[in-house]
Amino acid sequence: MKVLITGGTGFIGSHTVVSLQEQGFEVVIVDNLSNSDSAVLNRIAKITGKESYFYCEDICNRDALKNIFSEHQDIVAVIHFAAFKAVGESVEQPLKYYHNNITGLVSLLEEMKSARIPNIIFSSSATVYGQPENLPATEDSPVLPATSPYGNTKQINEQILRDFLLVNQDLKGISLRYFNPIGAHPGGLIGELPIGTPNNLMPFITQTAIGKHAELKVFGNDYNTPDGTAIRDYIHVVDLAEAHVVAMNALLNNSLKENYSVFNLGTGNGFSVLEVIQSFEKTTGVKLPYRIVERRPGDVEQIYASTKLANEVLGWKAKYSLDDMTLSAWNWEKRLSEQHFSYDDKV
Ligand code: NAD
Ligand code: WQD
């Protein structure tokens, strides 16, 4: 069966392409390479021994989508990763985010509808919960006003999908709310490729350990948590990728009660910033220079997922530990440094 992956050369998309190909799906990727490298395609093929169809196109371009759907009339589903994701940049350039993330989804849904593609999985985010009053966050926890245009695009996208599927009952969709995806494929061939200085914790840790930054700044140790640093639910990107295959099969097998569902994807365990650093030092044997500084504006104190729904309805559960995540992230960083911080096998 053939699946279209938007954003398939990106961090989570590339791992999902691997999982899909390993499960026997054929994959068509559309990605404009605005935040990824075409060399990823060779890397995926090295891992799975299978080629993907690739289109370097912007998903806001409806003609391009039309052509892809007409060339691949056997596509059974779309997994939609393509979006901009830098929270800080979205505050500086809101229209860039509203244009890409909102127009992208609308254009995709319009073309899916005319090509009669019945299934879509959308990349949402735990950011929609803000700071939940009660933990763990369940899918019914209130969606709080977004604190960034990026976060707002995820809320609006979920609403667009819900509204669209309400009046198109023959189509089906799932929003997957990712918690904090980190780590890399264990073989070290694919991983996260942050452009510029990373804002996220894990790539900043690995880049500091490899010598690209003098130290990691730990944002705040005066939170109401056991060690005072903020808590998140980190999830291995390979677990996340596999969850997409499981969700896809649930759509294809018609096993969900409603034609629109929402699932959290996390491990259910919260770890503090200091615990992530400790895991990194333990698994890699590398001492990480760090310093406690002020809290980062906009950060929530703690959040972790209820995984009950994904577990009971989809039968999915994360397998990898925090140590697996920090070690695989480090192996990936070392691979990148051997290649002078970029891919060396562009296609
Ligand atoms: P990424 O930037 O690595 O991948 C996104 C891919 O989409 C990139 O390859 C980029 O080139 C492509 N893209 C962007 N706009 C496009 C467009 N208009 N047309 C075609 N291609 C386009 O990001 P990621 O970390 O893999 O995230 C994937 C999805 O998951 C995004 O929607 C993101 O918002 C969401 N998400 C990510 C995280 C996270 O922490 N990484 C957390 C929650 C949700
Ligand atoms: C994790 C923890 C920081 C960097 C963001 C987005 C969210 C989602 C995932 C897409 C926090 C601390 C970080 C550093 C630090 N993305 N930290 N020093 O903020 O939970 O979520 O990425 O949807 O929308 O907001 O992830 O990795 O930035 O931070 O101390 O240099 O690490 O304060 O407690 P966050 P993160």
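Positions are given from 1 along the sequence. Just so you know, ligand 1 is whichever comes first in the structure, and atom 1 is the first atom listed for that ligand. The analysis underlying the following values was restricted to heavy atoms, covering all of them including side chains, and did not include hydrogens, waters or symmetry mates.
Contacts of Leu33 with ligand 1, taken as heavy-atom pairs under 4.0 Å, involve the backbone alone. Contacts between Leu201 and ligand 2 below 4.0 angstrom, taking non-hydrogen atoms only, involve backbone and side chain alike. Only the backbone of Asn199 comes within contact range of ligand 2, with a heavy atom under 4.0 Å; no side-chain atom does. If you look at Asn200 next to ligand 2, the close heavy atoms, those under 4.0 Å, come from the backbone and the side chain alike. Only the side chain of Tyr150 comes within 4.0 Å of ligand 2, counting heavy atoms alone; its backbone N, CA, C and O stay farther away. If you look at Val300 next to ligand 2, there are no close heavy atoms at all, none under 4.0 Å. Of all the heavy atoms of Lys217, the ones lying under 4.0 Å from any atom of ligand 2 belong exclusively to the backbone. By the criterion of a heavy-atom distance under 4.0 Å, neither the backbone nor the side chain of Glu192 is placed next to ligand 1. Here Ser124 has backbone heavy atoms under 4.0 Å from ligand 1, and that is the only part of it that gets that close.
The shortest contact between atom 40 (O) of ligand 1 and any protein heavy atom is with Pro181 CD, 3.4 Å. Of the protein's non-hydrogen atoms, the one nearest atom 19 (N) of ligand 1 is Ile59 N, 3.0 Å. At the top of the distance list for atom 28 (O) of ligand 2, counting protein heavy atoms only, stands Arg296 NH2, 2.8 Å. In this structure, the protein non-hydrogen atom closest to atom 28 (C) of ligand 1 is Phe81 O, 3.6 Å.
Between Phe25 and His244, the gap from one ring centroid to the other reaches at least 6.0 Å.
A donor-acceptor pair is defined here as one N or O able to donate and one able to accept, closer than 3.5 Å; no such pair exists between the side chain of His185 and the backbone of His15.
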(request) Go through Asp233 and Thr267 one step at a time and tell me if the side chain to side chain donor-acceptor pair (under 3.5 Å) criterion holds. (result) CA-CA 6 Å; Asp233 186 338; Thr267 65; 2.8 Å; yes
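The closest heavy-atom contact to atom 2 (C) of ligand 2, among the options Tyr290, Phe219, Tyr234, comes from Tyr234.
Between the side chains of Asn152 and Tyr98, at least one donor N or O lies within less than 3.5 Å of an accepting N or O.
Listed by number with element, the atoms of ligand 1 under 4.0 angstrom from any heavy atom of Tyr150 are 33 (C), 34 (O), 35 (C), 36 (N), 44 (C).
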